Amino acid sequence: MAKLSLADLTDLRGKLVFMRVDYNVPLDDNGAITDDKRIKATLPSLDYLIKNGARIVLGSHLGRPKGKRDPKQSLRVVAARLAEVSGAPVNFADDCIGDKVQLLKTHLQPGQVLLLENLRFYAEEEKNDRGFAEQLAQGVDIYVNDAFGTAHRAHASTAALPEIIKARGGHAAAGFLMEKELRYLGSVLSNPARPMVCILGGAKVSDKIKVIENLLNIADVILIGGAMAYTFRKAQGFSVGKSLCEHDKLDLARSLLEKAKGKRFLLPVDQVQTTELKAGAPVRNTDGPSIEDGWEGVDIGPQTIELYSKEIAQAKTIVWNGPMGVFEIPDFAKGTFAIAKAVAEATQRGATSVIGGGDSAKAVKAAGVANQMSFISTGGGASLEFLEGKELPGVAALSDK
Ligand code: AMP
């Protein structure tokens with residue numbers, strides 16, 4: 001069912017709004033922010049709240065402090081950057097619960113912003129602790145979740161807190177970033193323009209079993225790449241040399257191949273292989289799907305690129321999760337980059353392309369075509385669980401429209 005959107009909330013003046021954001025930004029050794037796109041991604045929701053006179057409390061996690069206060073994982077540095085990019089003054093509370101925080105919340109004026117300290121300084125956050133959520137909820141009228149990247153976690157700030165606000169008769173709405181994620185990921189799964197082509201790669205079959213099973217029911221064509229392909233090829237009796245391969249998952253691979261019978265489930269027909277996983281190591285293409293003894297597969301080969309590119313060129317909907325090879329090393333990135341270009345070209349011709357977060361997002365960025373995709377998800381784990389067909393706890397907890 002469609003979820004309530006921040007745009008549906010018009011009477012915000014003077015209301016205390018708790019917005020869960022994902023300010024889990026990368027920091028360098030000196031604690032400086034190296035990429036602020038997650039901060040910038042929340043600006044549409046934040047601007048809307050400010051313009052409508054809400055009193056705004058922002059809550060986020062940063063890193064994995066595991067329930068302990070750690071100055072290296074403080075959100076203070078984010079408060080400063082947020083003030084810079086939003087142009088609005090941002091107050092910072094050096095805790096996320098307690099009397100002092102409560103006082104700061106009470107004194108917030110319409111349009112003012114208060115960023116709380118790292119929610120994960122309390123172990124109760126990841127335990128979805130009700131008492132902790134009650135404290136976060138103190139004085140809060142409305143809940144907004146704009147943190148898609150943590151929506152697959154049932155934590156106090158994503159699950160218990162919105163439930164508490166709803167139980168009090170308040171609203172729990174999706175922020176604009178969350179809404180965009182749900183719109184793109186939701187529409188490609190529930191009502192895709194056809195043909196729909198799904199490209200799945202990455203390291204392990206076992207990480208993507210449920211995604212493959214779900215997409216087998218939805219997609220017209222599935223293209224497999226990455227090390228995942230070797231587990232399937234090994235299960236079919238081909239040799240994989242010393243490639244990354246889940247030798248203990250061959251039965252699983254066979255059962256997925258069985259489920260894929262009669263469907264267009266394509267495996268690489270050739271590979272790029274090397275003797276060592278490092279730049280400058282000898283590289284050669286295989287002749288067919290098998291990898292030679294003493295060699296390891298690191299990318300899809302030229303015939304596979306051609307075959308997959310043709311499929312992608314026909315597509316009206318494209319979903320991509322997982323690189324085609326070890327794209328972090330330029331010698332082994334050709335397949336991933338060629339597929340990225342094929343997806344970009346199909347998108348320019350009118351196809352809708354949705355890129356799962358994490359490594360796939362990094363790969364299209366490295367290929368230089370990130371701005372030619374229809375949508376790149378901001379959540380790696382969350383987008384994967386969405387593609388599995390699961391309802392995400394952070395989404396389920398929001399009010400229905
Ligand atoms: P995943 O998180 O499962 O999407 O996996 C992404 C990782 O898979 C990337 O870091 C790639 O370097 C790695 N990967 C892709 N293909 C291969 C391969 N043929 N051999 C080893 N690692 C691979």
Side-chain angles (χ1 to χ4, degrees), residues 26 149 152 185 198-215 222-235 238-247 249 252-253 256 266-279 281-286 288-305 308 318-340 343 354-367 376-388:
H152 58 315
L185 288 165
C198 293
I199 310 158
L200 298 174
K204 294 180 177 172
V205 176
S206 53
D207 287 346
K208 312 236 163 127
I209 311 164
K210 293 199 189 104
V211 176
I212 297 172
E213 283 177 341
N214 192 38
L215 292 180
I222 295 185
L223 309 175
I224 299 287
M228 195 191 344
Y230 314 138
T231 308
F232 284 114
R233 283 307 196 191
K234 172 93 186 173
F238 292 94
S239 48
V240 295
K242 56 173 187 174
S243 302
L244 183 63
C245 174
E246 290 177 279
H247 295 277
K249 295 283 169 358
L252 169 74
L256 286 171
L266 276 57
L267 293 168
V269 292
D270 61 347
Q271 313 282 359
V272 174
Q273 56 182 359
T274 183
T275 50
E276 232 180 312
L277 200 62
K278 65 171 198 198
V283 174
R284 71 179 178 220
N285 296 334
T286 62
S290 282
I291 289 158
E292 295 167 67
D293 283 350
W295 292 71
E296 64 184 296
V298 285
D299 197 4
I300 53 172
Q303 289 173 41
T304 309
I305 291 176
Y308 285 9
I318 302 161
V319 174
W320 185 5
N321 189 292
M324 297 289 97
V326 187
F327 73 100
E328 297 91 339
I329 301 175
D331 289 348
F332 315 143
K334 284 196 192 85
T336 300
F337 288 3
I339 295 304
V343 175
V354 174
I355 314 300
D359 277 314
S360 325
K362 276 188 212 142
V364 291
K365 210 170 165 192
I376 301 178
S377 176
T378 55
S383 69
L384 205 60
E385 291 198 18
F386 202 103
L387 295 178
E388 288 176 2

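Just so we're clear, the structure is a prediction, and the values are computed from it rather than from any experiment. Hydrogens, waters and symmetry mates play no part in the numbers below; they use all other heavy atoms, side chains included. Whatever order the structure lists them in is the order used to number ligands and atoms, beginning at 1.
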task: Would you check the N or O atoms of A227, main chain and side chain alike, for any that come under 3.5 Å of an N or O of ligand 1?
output: yes
message: Is there a polar contact between ligand 1 and D299, counting only N or O atoms under 3.5 Å apart?
response: no
Examine ligand 1 and decide if any of its atoms is less than 4.0 Å from a heavy atom belonging to [X].
X: Y230; answer: yes
X: K208; answer: yes
X: G297; answer: yes

[atom]: which protein heavy atom is closest, and how many Å away?
atom: atom 14 (N) of ligand 1; value: G325 O, 4.0 Å
atom: atom 21 (C) of ligand 1; value: V326 CG2, 3.6 Å
atom: atom 8 (O) of ligand 1; value: A203 N, 3.4 Å
atom: atom 6 (C) of ligand 1; value: D359 OD2, 3.2 Å
atom: atom 9 (C) of ligand 1; value: E328 OE2, 3.3 Å

statement: Near L244 (heavy-atom distance under 4.0 Å), the atoms of ligand 1 are 21 (C), 22 (N)
statement: Within 4.0 Å of some non-hydrogen atom of G226, the atoms of ligand 1 are 16 (N)
task: For D270 and T286, test the side chains for any donor-to-acceptor distance below 3.5 angstrom and give the result as yes or no.
output: no
Result of checking [options] against [X] for side chain to side chain contact (heavy atoms under 4.5 Å, CB included):
X: S360; options: L384, I355, I376; answer: I355
X: W295; options: T275, V240, V283; answer: T275
X: I291; options: S239, S243, C245; answer: S243

[atom1]-[atom2] distance between [X] and [Y], expressed to the nearest 0.5 angstrom:
X: D207; Y: I212; atom1: CG; atom2: CD1; answer: 10.0 Å
X: K242; Y: L277; atom1: NZ; atom2: CG; answer: 9.0 Å
X: D299; Y: F337; atom1: CG; atom2: CZ; answer: 9.5 Å

- request: Give a yes or no on whether the backbone of F238 and the side-chain of S290 come within a donor-acceptor separation of less than 3.5 Å.
  value: no
